[in-house]
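The structure appears below as structure tokens.
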Amino acid sequence: MESTRIGQWLNLIVVNVLLLLKIEASSYVPITYVQNAVAKGAVCLDGSPPAYHFDKGFGAGINSWLVQFEGGGWCNNVTTCLNRKNNHLGSSKQMAKQIAFSGILGNKQQFNPDFYNWNRIKVRYCDGASFTGDVEAVNPVTKLHFRGARVFAAVIEDLLVKGMKNAQNAIISGCSAGGLASILHCDRFRSLLPRGAKVKCISDAGYFINARDVSGTRYIEQLFSEIVATHGSARNLPPSCTSRLSPGMCLFPQYFVSQIATPIFLINAAYDSWQIKNILAPGVADPHGRWHSCKLDINNCSPNQLGTMQGFRTEFLRALTVLGNSQSKGMFIDSCYAHCQTEMQETWFTTDSPLLAKTTIAEAVADWFYDRRLFHQIDCAYPCNPSCHNRIFYQDNPGV
């Protein structure tokens with residue numbers, strides 16, 4: 001009884017310490033609406049203007065820019081897009097007026113040593129197709145606007161006017177669907193920045209792979225094809241891919257990442273929790289819910305399920321081999337059961353953040369960006385890494 005009480009107190013202390021860390025490491029940043037984008041048809045699903053949060057740089061970081069694209073899954077047909085139309089993933093009217101910046105977006109040197117004084121921007125996600133869609137016609141009944149590519153262009157144009165045209169350093173980054181956007185738009189972003197600037201791209205949990213699910217079908221391949229068809233994305237996907245493969249395949253980075261000319265850094269869990277839940281074991285492939293408990297917490301997985309997940313890791317690593325040993329392409333592939341690790345202080349840079357080669361994600365990214373050293377590390381198989389934060393997820397949805 002006494003030991004149970006002590007354990008409860010210890011858990012409470014840990015929770016409070018993490019809460020205090022989160023508060024101390026975070027800053028709140030107000031929203032900016034790109035009102036002039038509406039006239040160009042660069043709008044969210046519901047026709048509202050695009051939006052972003054902008055924390056201005058200072059000191060030595062005044063001419064350095066970090067543009068982080070928000071994640072949030074995708075919508076693949078009229079029904080799923082209508083479901084998003086009236087929330088923050090489809091309308092800037094529903095977005096919080098201010099949000100917390102932490103991790104790679106943090107403004108305190110002790111929590112974000114290499115980027116804290118940069119101009120840091122979080123671009124809100126409200127198009128449902130990783131900023132790739134562009135359909136001119138608007139159905140008068142649904143009033144859905146598929147204009148993600150225009151949103152990307154309008155936001156970047158607005159930031160260029162606000163000083164990014166003078167950038168000496170610039171990074172486009174993102175998490176999940178935003179991480180995929182940063183891969184898809186990497187070279188495009190580079191082309192819009194000053195010729196002499198150091199420009200690189202970072203993808204956090206955006207390397208989605210084309211794998212079979214536990215029922216043996218390719219659910220994710222069908223989903224991506226439907227996204228591209230619904231949003232008219234084909235013309236905004238990498239031509240190096242669409243000239244060879246059907247457009248739906250060109251949302252999978254493995255089919256075009258080797259053709260990206262701009263330096264890019266991939267941060268991903270080999271057991272990405274979103275991919276395990278939605279690519280390997282989506283609900284449609286697991287009608288009896290045998291994977292439900294395992295997907296919520298990797299500690300609940302049976303030996304057979306862990307074996308299947310090890311197979312998924314093997315396939316994930318195989319999909320990375322297209323990168324070869326390119327000097328310009330770095331990677332931090334850990335064995336955590338996680339999804340998105342750059343915006344959370346606990347996983348970005350603290351005393352107990354995940355480590356590879358005794359290096360945190362923040363240190364690895366900074367060393368690579370500033371050309372201090374090439375970082376190209378792949379973790380050993382689960383459960384070998386004691387520094388992992390294997391987060392428990394309570395909902396099974398297509399968002400982040």
Side-chain angles (χ1 to χ4, degrees), residues 176 179-180 183 203-224 241 245 248-258 260 264-286 290-326 329-341 347 354-357 359 361 364 374-391 393:
S176 193
L180 176 58
I183 301 175
S203 171
D204 177 9
Y207 202 87
F208 299 94
I209 68 166
N210 185 12
R212 293 186 187 277
D213 60 38
V214 291
S215 73
T217 62
R218 293 188 183 271
Y219 165 76
I220 190 66
E221 185 178 310
Q222 179 184 338
L223 180 77
F224 276 12
C241 180
L245 300 169
M249 301 292 276
C250 299
L251 284 183
F252 293 106
Q254 68 199 83
Y255 299 124
F256 65 87
V257 71
S258 63
I260 294 174
I264 190 165
F265 193 96
L266 304 175
I267 300 151
N268 230 103
Y271 310 86
D272 184 290
S273 55
W274 192 94
Q275 295 200 47
I276 296 295
K277 290 165 66 180
N278 296 282
I279 295 180
L280 179 64
V284 293
D286 181 35
R290 294 190 178 97
W291 278 80
H292 184 72
S293 179
C294 170
K295 290 190 293 184
L296 289 179
D297 184 349
I298 196 169
N299 294 312
N300 296 336
C301 299
S302 70
N304 282 343
Q305 287 170 330
L306 284 174
T308 301
M309 288 167 69
Q310 299 294 13
F312 181 85
R313 172 183 178 268
T314 299
E315 197 156 356
F316 184 87
L317 298 185
R318 189 180 301 125
L320 284 174
T321 58
V322 295
L323 291 165
N325 293 313
S326 169
K329 294 179 170 68
M331 62 175 70
F332 188 109
I333 310 297
D334 59 30
S335 288
C336 307
Y337 185 63
H339 182 66
C340 292
Q341 300 177 85
T347 45
L355 300 173
L356 279 184
T359 308
I361 295 171
L374 177 66
F375 196 92
H376 201 279
Q377 295 288 330
I378 296 175
D379 208 351
C380 47
Y382 174 86
C384 72
N385 191 337
S387 69
C388 274
H389 292 262
N390 294 312
R391 296 162 57 205
F393 295 80

Aromatic rings F265 and F375: how do their planes relate, parallel, tilted or perpendicular, breaks at 30° and 60°?
tilted
Just wondering, do I333 and Y207 contact through their side chains at under 4.5 Å, heavy atoms?
no
Any donor-acceptor N/O pair, T308 side chain to N304 backbone, under 3.5 Å
yes
Interatomic spacing from SG in C388 to CG in D334 - rounded to 0.5 Å:
5.0 Å
Please identify which of these residues, I276, D272, V214, meets the side-chain contact (heavy atoms from CB on, under 4.5 Å) condition with F312.
I276
Any donor-acceptor pair under 3.5 Å linking the side chain of N385 with the backbone of L355?
yes
Counting C-beta onward and ignoring hydrogens, is there a side-chain heavy-atom pair between C336 and H389 closer than 4.5 Å?
no
With heavy-atom distances below 4.5 Å as the criterion, would you say the side chains of I361 and D204 are in contact?
no
May I ask you to test the T217-Q222 pair for a side-chain heavy-atom distance under 4.5 Å?
no
Are Y382 and Y337 an aromatic pair by the rule of ring centers under 6.0 Å?
no
Between the side chains of Y271 and Q310, does any donor sit under 3.5 Å from an acceptor?
yes
Find out whether T314 and L317 are in side-chain contact, i.e. whether some heavy atom of one side chain is under 4.5 Å from a heavy atom of the other.
no
In the structure I gave you, are the side-chain heavy atoms of F208 and Q254 within less than 4.5 Å of one another anywhere?
no
Taking OH in Y219 as the centre, count heavy atoms belonging to other residues, nucleotides or ligands within less than 6.0 Å. Is the count above 12?
no
Output for pair (L320 CG, S258 OG), nearest 0.5 Å, gives 12.0 Å
Contact between S302 and R290 at the side-chain level, heavy atoms closer than 4.5 Å - yes or no?
no
Option from I209, I378, I279 for which side-chain contact (heavy atoms from CB on, under 4.5 Å) with F316 holds:
I209
Do F256 and L245 make a side-chain contact, defined as non-hydrogen atoms from C-beta onward lying under 4.5 Å apart?
no
To the nearest 0.5 Å, what is the distance between NE2 (H339) and CD (Q275)?
8.0 Å
